[in-house]
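See below for the structure under consideration.
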There are 2 protein chains.
Amino acid sequence: MSREVTPIVQQLRARGMRVTAARSAVLEWLADYPHATVEQVHEGVSQRIGSLSKQAVYDVLNAFIDADLVQQIKPAGHPARFERRTGDNHHHLVCRSCGRIEDVDCSIGAKPCLTPNHDHGFDIDEAEVMYWGVCKACQTAPVTSDDDH
Amino acid sequence: MSREVTPIVQQLRARGMRVTAARSAVLEWLADYPHATVEQVHEGVSQRIGSLSKQAVYDVLNAFIDADLVQQIKPAGHPARFERRTGDNHHHLVCRSCGRIEDVDCSIGAKPCLTPNHDHGFDIDEAEVMYWGVCKACQTAPVTSDDDH
DNA sequence: GTCGTTAACTTGACTCATTCAAGTTAATCG
DNA sequence: CGATTAACTTGAATGAGTCAAGTTAACGAC
């Protein structure tokens with residue numbers, strides 16, 4: 001087994017973070033499955049590396065969020081989702097029925113990509129746009145619940 | 001005490017909803033305090049009408065949401081908030097530190113006020129815009145938590 | 001290589017907002 | 001002035017996430 005240094009290892013080292021099986025596996029998993037829930041990351045990664053506590057998944061994801069390697073999406077009424085695409089202020093399209101999420105590029109530009117006509121004295125740093133609708137599958141299918149992706 | 005029919009009573013009757021002290025008081029309260037949480041509505045209304053279970057607050061608010069008399073806002077990481085302004089697709093400005101919310105008129109127009117450049121086959125019915133920042137009070141004040149309004 | 005430090009992980013209890021369920025009360029219609 | 005049933009009360013249950021104490025293992029120093 002050659003001991004090559006993968007880009008993931010580099011990304012972690014560059015931020016002074018220890019490299020562990022859990023962390024590498026979570027980053028890899030998110031590359032394959034963007035918009036995954038904690039539940040999904042936990043299942044997938046546990047299988048890949050044998051086992052991992054759910055708490056560890058929370059820890060790893062939070063560490064990544066702090067390190068700007070991962071971004072969190074919290075659609076109202078659905079568990080949080082995680083993705084590796086950070087810093088480009090793109091938006092999301094959420095299915096009301098199954099929770100499925102798709103990326104939507106920001107049509108305007110850099111962040112904050114929209115400026116409110118009245119800032120009420122706030123120091124605004126983000127304009128979060130969430131499109132809500134019903135995905136193709138749920139438009140035709142009978143009644144599905146939060147399984148998705 | 002004259003028994004005049006208030007607009008609130010009319011609004012309820014018009015929708016075939018029974019008129020109760022709880023319902024009238026919640027609608028009144030929300031007129032005075034837009035963006036209130038369940039907690040706040042519960043405290044305020046309990047005082048006004050003597051007492052009311054928290055569950056009733058949930059029931060009343062949900063009935064109003066179904067009847068389109070009230071709208072719900074769910075900022076990530078904060079409890080839900082309720083307001084009487086419905087149907088005009090205006091947006092919200094949320095303070096990251098105290099959760100305070102301000103209304104922001106939609107600068108574009110009717111709902112959905114923004115159209116994504118790619119609908120991914122979804123049947124989109126809403127573009128929810130949430131501006132995030134730090135309110136004036138929290139910019140200067142030391143560390144506050146979810147008290148607000 | 002091995003040792004020590006401490007970040008990362010495990011386990012399990014706990015919180016908070018919200019929902020579910022069963023029983024009681026009271027608004028409205030006849 | 002009842003009867004019907006929507007609205008309310010009480011209390012248990014849920015789901016997502018956090019907190020806290022103890023154990024393990026990365027990795028820098030020797």
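Lettering of chains follows the sequences in order, A, B, ..., and the numbering in each one begins at 1.
The side chain of A:R23 lies closest to C:dC9 when the candidates are D:dA7, C:dC9, C:dA17. When the nucleotides D:dT9, D:dA16, C:dC9 are ranked by their closest atom to the side chain of B:A56, D:dT9 comes out on top.
B:R18 has no side-chain polar atom (N or O) that falls below the 4.0 Å cut-off from OP1 or OP2 of C:dA26. Note on A:T20: every side-chain N or O is 4.0 Å or more away from OP1 and OP2 of C:dA7.
In this structure, CD1 of A:I49 is placed 11 Å from P of D:dA26, rounded to the nearest angstrom. With rounding to whole Å, A:Y58 atom OH is found 17 Å from C:dT15 atom P. With rounding to whole Å, B:I73 atom CD1 is found 16 Å from C:dA17 atom C1'. Between the CD atom of B:E39 and the P atom of C:dT15 there is a distance of 16 Å, given to the nearest Å. Atom CZ of A:R13 and atom P of C:dA7 are 17 Å apart (whole Å). Per the geometry, CZ belonging to A:R81 stands 11 Å off P belonging to D:dG17, to the nearest Å. Rounded to a whole Å, the NE2 atom of B:H78 is 15 Å from the P atom of D:dG17. One can place CG of A:D59 at 16 Å from P of C:dG12, the figure rounded to the nearest angstrom.
From B:D125, atom CG reaches atom CZ of A:R96 across 4.0 Å, with rounding to the nearest 0.5 Å. Atom CG of residue A:L12 and atom OG of residue A:S24 lie 6.0 Å apart, to the nearest 0.5 angstrom.
Residue B:Q47 places its CD atom among 12 or fewer non-hydrogen atoms of other residues, nucleotides or ligands, all under 6.0 Å distant.
Summary of the strand contacts: A:A21 and A:V38 both lie near DNA chain D, and taking for each the nucleotide with the nearest heavy atom, the more 5' one is attributed to A:V38. Between A:M17 and B:Q72, the residue anchored nearer the 5' end of DNA chain C, judged by the nucleotide with its closest heavy atom, is A:M17.
At a cut-off of 3.5 angstrom, the base of C:dC20 holds at least one donor-acceptor pair with the side chain of B:Q55.
Between A:H92 and A:H90, the two ring planes are perpendicular [angle over 60°; tilted spans 30° to 60°].
The pair B:D66-B:R15 does not count as a salt bridge, with every side-chain nitrogen at least 4.0 angstrom from each carboxylate oxygen.
Among the atoms of the strands shown, none is found under 4.0 Å from any heavy atom of B:A63.
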